[in-house]
Structure formats: C-alpha cells, structure tokens
A.B. asks: 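I have a structure here, written as structure tokens, and I will follow up with some questions on it.
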Amino acid sequence: MTKESKPDRLRQMGALNPKPEGVRAPWFREAGFFDPLDLVQVKYEMLRHAREDGTNKADAAALFGLSRQTYYQAEAAFERDGMSG
C-alpha cells in the first residue's frame, strides 16, 4: 500500500496551492509548520496578517502570492462560514 503524499491529499481536497512559489511570507519559507502548498493555510494566514498585524489588504494578498480579489473572497467566506469557508 502506497502512502499518499500531503500534496496528493491537498489536491484531492481542492486545497493545493497552484502557485506556492508566490508565497513570500518569511514564515512560509522556513521549514516547519507553515506550508505554501496548503491553500487553506495560506489564505487564513493572509487574513490573519491583515487583521492582527495591521497590514493593508492589498499588501497582505501580495505577500501571500494572491490577488486582492482572492483576499476579499476569502474574507467573505471566512466571515460567513469560518474555517470551512
């Protein structure tokens, strides 16, 4: 039996970041907990960075390799549905 890789599981769930190289946040560049392949984690940290660290939304989106439109979509989904959004 072959063990599935994390990218395979993320792909199956629709949560694989198609552009992980665009994530420039330093804490995603170091090996450890943060994974630029995990789009859910990337979006959550983008929202958290803007809310908690005071970064404006456009800069937060750029730091995480995402568009402002994606920021606003993620923000609305999170406010509506929490993490499952």
Side-chain angles (χ1 to χ4, degrees):
M1 184 170 156
T2 305
K3 184 177 178 182
E4 278 187 306
S5 68
K6 183 176 180 181
D8 289 336
R9 291 190 312 272
L10 290 169
R11 187 177 295 106
Q12 288 173 359
M13 295 184 311
L16 181 64
N17 187 356
K19 297 181 181 177
E21 66 281 355
V23 179
R24 296 187 341 256
W27 53 100
F28 275 84
R29 290 281 146 232
E30 302 163 2
F33 177 76
F34 296 104
D35 184 354
L37 293 174
D38 187 338
L39 189 56
V40 173
Q41 188 179 53
V42 170
K43 287 181 178 182
Y44 177 79
E45 287 299 316
M46 172 186 66
L47 295 175
R48 189 208 57 74
H49 186 57
R51 288 183 181 185
E52 300 298 320
D53 298 336
T55 302
N56 73 52
K57 295 174 182 184
D59 288 345
L63 183 64
F64 288 87
L66 301 170
S67 68
R68 282 187 302 161
Q69 180 181 3
T70 298
Y71 181 96
Y72 289 111
Q73 290 170 342
E75 181 179 51
F78 185 77
E79 288 175 2
R80 183 182 61 245
D81 301 320
M83 282 299 288
S84 64

A.B. asks: Rounded to the nearest 0.5 Å, what separation is found between the OG1 atom of Thr70 and the NZ atom of Lys57?
C.D. replies: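 Result: 14.0 Å between the selected atoms.
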
A.B. asks: Can you see which heavy atom on Pro20 is nearest to which on Pro36, and at what distance?
C.D. replies: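 Shortest heavy-atom contact: CB-O, 3.5 Å.
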
A.B. asks: Do Met13 and Leu39 sit in one hydrophobic cluster, given that two such residues count as connected whenever their side-chain heavy atoms are within less than 4.5 Å of each other, even indirectly?
C.D. replies: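 Not linked; separate clusters.
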
A.B. asks: Val42, Leu37: one ILVMFWY side-chain cluster at the under-4.5 Å cut-off?
C.D. replies: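 No, Val42 and Leu37 fall in different hydrophobic clusters.
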
A.B. asks: Not counting sequence neighbours, list each pair that qualifies as a side chain to side chain donor-acceptor pair (under 3.5 Å) and has a residue in residues 6-15.
C.D. replies: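 For residues 6-15, and leaving out neighbouring residues, the side chain to side chain donor-acceptor pair (under 3.5 Å) pairs sorted by first residue read Glu4-Gln12, Ser5-Asp8, Lys6-Asp35, Asp8-Arg11.
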
A.B. asks: Taking side chain to side chain contact (heavy atoms under 4.5 Å, CB included) as the criterion, tell me which of Leu16, Leu10, Asn17, Val23 meets it with Asp38.
C.D. replies: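 Answer after filtering Leu16, Leu10, Asn17, Val23: Leu10.
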
A.B. asks: Take Glu75 and Gln73, measure what side-chain contact (heavy atoms from CB on, under 4.5 Å) needs, and give me the verdict at the end.
C.D. replies: CA-CA 5 Å; Glu75 181 179 51; Gln73 290 170 342; over 6 Å; no

A.B. asks: State which residue, out of Tyr44, Phe28, Phe64, fulfils the ring pair (Phe, Tyr, Trp, His ring centres under 6.0 Å) condition with Phe34.
C.D. replies: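 Passing option: Phe28.
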
A.B. asks: With sequence neighbours left out, what residues match Gln41 under side chain to side chain donor-acceptor pair (under 3.5 Å)?
C.D. replies: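 Per chain and number, Gln41 pairs via side chain to side chain donor-acceptor pair (under 3.5 Å) with no residue.
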
A.B. asks: Around atom CZ of Arg68, are there more than 12 heavy atoms of other residues, nucleotides or ligands at under 6.0 Å?
C.D. replies: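 Not buried by this count: 12 neighbours or fewer within 6.0 Å.
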
A.B. asks: Flag yes if more than 12 heavy atoms outside Gln69 fall under 6.0 Å of its CD atom; otherwise flag no.
C.D. replies: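 Count not over threshold, so no.
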
A.B. asks: By the definition side chain to side chain contact (heavy atoms under 4.5 Å, CB included), identify the one residue from Met46, Glu45, Arg24 that meets it with Leu63.
C.D. replies: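 The residue from Met46, Glu45, Arg24 that satisfies side chain to side chain contact (heavy atoms under 4.5 Å, CB included) with Leu63 turns out to be Arg24.
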
